[in-house]
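Only one structure is covered here, and it is reproduced in the block below.
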Amino acid sequence: DTAVSQTPKYLVTQMGNDKSIKCEQNLGHDTMYWYKQDSKKFLKIMFSYNNKELIINETVPNRFSPKSPDKAHLNLHINSLELGDSAVYFCASSQVASGRASDTQYFGPGTRLTVL
Amino acid sequence: QKEVEQDPGPLSVPEGAIVSLNCTYSNSAFQYFMWYRQYSRKGPELLMYTYSSGNKEDGRFTAQVDKSSKYISLFIRDSQPSDSATYLCAMSRNGANSKLTFGKGITLSVRP
């Protein structure tokens with residue numbers, strides 16, 4: 001049973017295209033995240049949703065739009081793809097309502113995006 | 001200057017060696033400190049979690065936090081080839097389930 005799953009695993013596309021990445025978690029968590037990891041392995045948070053409400057929105061181009069249809073899903077839509085968007089995108093989830101600071105974030109397997 | 005700096009890599013050690021991985025940070029508001037391990041083509045997974053200053057041991061792994069120096073370390077004893085992975089330090093103000101700021105990551109290779 002996969003806790004946090006992402007589709008697709010690999011995405012190769014041309015500059016200027018629009019693409020979406022989907023994420024689902026079956027852990028019953030209330031919070032989900034999108035991270036971007038560049039070619040040098042630097043991992044940076046992009047967005048976070050708690051119970052479908054956007055709570056973290058880092059300095060990300062507005063070509064990136066997250067959407068959370070329900071607590072178990074968080075999708076990432078990217079418009080007008082650029083070469084610099086090539087990276088691995090990770091979805092993660094955690095339980096914030098527990099109040100336990102030690103409750104960890106569980107990461108998905110990543111989506112490797114290549115923009116040509 | 002980035003908020004979190006991690007020693008550059010890659011790092012290659014023989015099996016059985018003691019490994020020391022280090023991060024420094026500039027934001028004194030960070031209270032929670034984590035180490036994540038990421039195998040090739042996989043997502044990061046939490047390895048160690050500590051709150052504030054002190055040491056925490058879990059098997060062959062020891063995490064150390066010195067808030068006065070803004071310095072954290074991860075020690076791996078008796079390193080194994082299965083420890084070969086990228087190690088990322090991460091920090092936050094409010095816990096492991098809040099906004100995390102990561103270091104760049106260091107790739108460790110343990111030679112049999």
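On a predicted model such as this, the values are computed, not experimentally measured, just so you know. Chain naming here is simple, since letters A, B, ... match the order of the sequence lines and numbering starts at 1 in each.
Leu46(B) and Val4(B) are members of different hydrophobic clusters when ILVMFWY side chains are connected at heavy-atom separations under 4.5 Å. Using a 4.5 Å cut-off between side-chain heavy atoms of Ile, Leu, Val, Met, Phe, Trp and Tyr, with links allowed through other members, Tyr49(B) and Leu47(B) fall into different hydrophobic clusters. If you chain together hydrophobic residues whose side chains sit under 4.5 Å apart, Met91(B) and Leu100(B) never meet in one group. Note: the hydrophobic cluster containing Met48(B) also contains Leu21(B) (ILVMFWY, side chain heavy atoms under 4.5 Å, direct or indirect links). Ile76(B) and Val13(B) fall within the same hydrophobic cluster, where Ile, Leu, Val, Met, Phe, Trp and Tyr residues are linked whenever their side-chain heavy atoms come under 4.5 Å apart, directly or through other members.
Between the Tyr33(A) side chain and the Lys99(B) main chain, no donor and acceptor come within less than 3.5 Å of each other. Side chain of Asn97(B) to backbone of Ser94(A): no donor-acceptor contact under 3.5 angstrom is found.
Residue Tyr36(B) touches chain A through its side chain alone, counting heavy-atom pairs closer than 4.5 Å. With a 4.5 angstrom heavy-atom cutoff, Ser48(A) does not touch chain B via any of its atoms. Neither the backbone nor the side chain of Gln6(A) comes within contact range of chain B, judged by heavy atoms closer than 4.5 Å. Contact annotation for Ile56(A): only side-chain heavy atoms (C-beta onward) come within less than 4.5 Å of a heavy atom of chain B. The part of Tyr10(A) that comes within reach of chain B is its side chain, from C-beta onward, which places non-hydrogen atoms under 4.5 angstrom from that chain. Contact of Ser92(B) with chain A is not made at all, since no heavy-atom distance falls under 4.5 Å.
With a 6.0 Å radius and a threshold of 12 heavy atoms from other residues, nucleotides or ligands, Arg93(B) has its CZ atom at or below the threshold. The neighbour count for Lys67(A) NZ, taken as heavy atoms of other residues, nucleotides or ligands under 6.0 Å away, does not exceed 12. Within 6.0 Å of OH on Tyr106(A) lie no more than 12 heavy atoms contributed by other residues, nucleotides or ligands.
In this structure, CD on Gln105(A) lies 8.0 Å from CE on Met34(B), to the nearest 0.5 angstrom. Taken to the nearest 0.5 Å, the NZ atom of Lys104(B) stands 13.5 Å off from the CG atom of Leu43(A). Atom CD of Gln37(A) sits about 6.5 Å away from atom CG of Leu88(B), to the nearest 0.5 Å.
Heavy-atom pairs under 4.5 Å with chain A were tallied for Glu45(B), Arg41(B), Gln38(B); the largest tally goes to Arg41(B). Options Gly43(B), Pro44(B), Gly95(B) differ in how many heavy-atom pairs under 4.5 Å they form with chain A, and the most are formed by Pro44(B).
Looking at Phe42(A) and Gln6(B), their side chains never come closer than 4.5 Å, going by heavy atoms from C-beta outward. Looking only at side-chain heavy atoms (C-beta outward), Ile45(A) and Phe102(B) stay at 4.5 Å or farther from each other.
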